[in-house]
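To start, the structure under review is shown below, and the notes come after it.
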Amino acid sequence: MERLKKTGLKKSFFILTFLCVITALFLLGIVWILCNNIRERYPSGGIAILSDGTVIPLPKPTASQQYILTALNLIQILSCIIFPVGGFMISAALFYHIKLKQPISVLQNGITRIQNNDLNFSLPVLSDDELGHLCTAFEIMRKELLKSNRLLWIQAEERKRLNAAFSHDLRNPITVLKGTIKLLKQGINEKQTIDRLETYTLRIEQYIEAMSSVQKLELLPVQPKELSAAVLQNELQETIKLLAPLKIVSLLVSFEKSVWIDHGIFLTVAENLIGNAARFADKQLSVQVTLQDDSLILKVSDDGSGYSFSLIENGPKPFQTADSHSTHFGMGLYSSQLLCTKHGGTLLLENNAAGGASATAVFHFLEKP
């Protein structure tokens with residue numbers, strides 16, 4: 001039985017059919033032999049011709065004996081039909097119960113639970129045949145659906161937090177603008193009032209641009225291509241020259257082979273992390289690019305004051321920055337985290353034991369199209 005579960009459907013059906021048909025023919029032979037043995041016990045009538053040419057009439061069967069002989073003939077004829085057909089039917093029933101019943105039941109149960117939006121289950125692998133492989137593929141599909149649903153839920157929660165942060169941070173500028181408008185209506189037209197109006201109007205505009213940039217990042221497609229280590233190193237050197245010209249920067253790319261990642265996403269994250277480190281570094285910062293299993297690791301460290309406890313504990317959030325007058329609104333780390341997640345990786349923030357902060361961006365290698 002266990003060997004049949006590991007055998008393919010076609011081979012299993014052939015084996016069961018062959019065994020059932022052979023058994024049916026064996027039983028048919030036994031029935032014919034028994035019927036012939038019983039028939040020999042009764043007279044059959046007719047004549048017997050001896051060697052000398054004498055003709056002797058044989059005794060005829062009685063009415064009851066003739067009934068039995070007719071019944072035996074009928075049994076032999078019916079057994080030629082019943083046993084082969086029955087063998088095929090039994091083989092089909094065994095094939096269904098051994099090979100089809102459990103996998104079909106498991107798949108139907110899985111489909112029902114998915115239709116009810118329940119993905120917290122797993123499909124057991126019952127056999128090593130085609131249906132077993134189908135159950136395995138179904139289980140992979142369920143895991144991918146669960147992963148997609150969790151990602152959508154996380155994105156929805158991030159959208160809620162983003163909207164809440166945006167609404168909260170807009171309250172102060174709007175309050176200031178309302179107060180400024182009241183002063184203008186009262187005829188208080190001082191230069192300080194006009195400057196405040198201009199400043200907070202510009203700040204609201206920057207808030208809107210920040211929100212728009214996040215929405216564009218969420219819709220950004222991931223388009224991987226092959227990049228050599230030399231290209232990545234040259235581009236990082238150019239980025240460091242532009243964003244940290246007055247800092248002492250060490251750059252290390254510890255591999256030589258090509259990688260398969262999204263060029264634009266990598267550069268955007270690198271620019272965000274290097275620019276952020278350059279703003280808070282005292283004198284120097286370091287950039288390291290390494291390979292680990294199936295991921296590309298970009299680590300940017302600085303010798304500044306380090307990240308706040310809430311930033312390390314809760315991760316980067318939109319419109320969260322230590323400088324209330326900053327034009328970045330904390331969106332650099334948040335957008336980097338968003339892009340790393342789109343690339344199958346993550347963003348890790350930590351403070352160094354010797355002082356300063358480190359941001360590690362993980363990019364999971366994508367399959368070639």
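Computed from a prediction, not measured in an experiment: that's the story for all the values here.
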F255/L232 under side-chain contact (heavy atoms from CB on, under 4.5 Å): CA gap, chis, key distance, verdict = CA-CA 11 Å; F255 62 94; L232 293 180; 4.2 Å; yes

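- By the salt bridge (Lys or Arg N to Asp or Glu O under 4.0 Å) test, E139 pairs with R142, sequence neighbours left out.
- Using a distance-only test at 3.5 Å, with no hydrogens or angles considered, no donor-acceptor pair links the side chain of N276 to the main chain of N272.
- Taking a 6.0 Å sphere around NZ of K247, one finds it holds more than 12 heavy atoms contributed by other residues, nucleotides or ligands.
- In this structure a side-chain-to-backbone donor-acceptor pair under 3.5 Å is missing from D303 to G356.
- F26 CZ: 12 or fewer foreign heavy atoms inside a 6.0 Å radius.
- No donor-acceptor pair under 3.5 Å is formed between the side chain of D262 and the backbone N or O of V222.
- Across L119 and N149, no two heavy atoms sit closer than the pair CD1-ND2, 3.1 Å.
- By the 6.0 Å contact criterion, CE on M141 is enclosed, its count of non-hydrogen atoms from other residues, nucleotides or ligands being greater than 12.
- For N352 against S358, the heavy-atom pair with the smallest separation is OD1-OG, 2.6 Å.
- Counting heavy-atom neighbours within 6.0 Å of F14 CZ, excluding the residue itself, gives a total of 12 or less.
- Using a 4.0 Å cut-off between a side-chain N of Lys or Arg and a carboxylate O of Asp or Glu, K99 and D129 qualify as a salt bridge.
- The side-chain contact (heavy atoms from CB on, under 4.5 Å) test with L291 is passed by exactly one of I297, L296, V253: L296.
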side-chain contact (heavy atoms from CB on, under 4.5 Å) assessment of L349 paired with L347 | CA-CA 7 Å; L349 304 178; L347 179 67; 4.2 Å; yes

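- A side-chain donor-acceptor contact under 3.5 Å links H343 to the backbone of H364.
- A 4.5 Å side-chain heavy-atom check between I240 and V287 finds at least one atom pair inside the cut-off.
- At distances below 3.5 Å, not a single donor-acceptor pair connects side-chain atoms of S336 with backbone N or O atoms of L273.
- In this structure F95 satisfies the ring pair (Phe, Tyr, Trp, His ring centres under 6.0 Å) test together with F13, sequence neighbours excluded.
- Side-chain atoms of S148 come within 3.5 Å of backbone N or O of E144 as a donor-acceptor pair.
- Across all non-hydrogen atoms, the minimal contact from A244 to A278 is CB-CB, 3.8 Å.
- To the nearest 0.5 angstrom, L74 atom CG is 10.0 Å from C35 atom SG.
- Between the N116 side chain and the T112 main chain, a donor and an acceptor come within less than 3.5 Å of each other.
- Judged purely by distance below 3.5 Å, without hydrogens or angles, the side chains of Q76 and R39 pair a donor atom with an acceptor atom.
- With hydrogens and angles left out, the side-chain atoms of Q102 and H97 include no donor and acceptor closer than 3.5 Å.
- Counting only residues at least two apart or in different chains, salt bridge (Lys or Arg N to Asp or Glu O under 4.0 Å) contacts with residues 108-117 comprise R113-D118.
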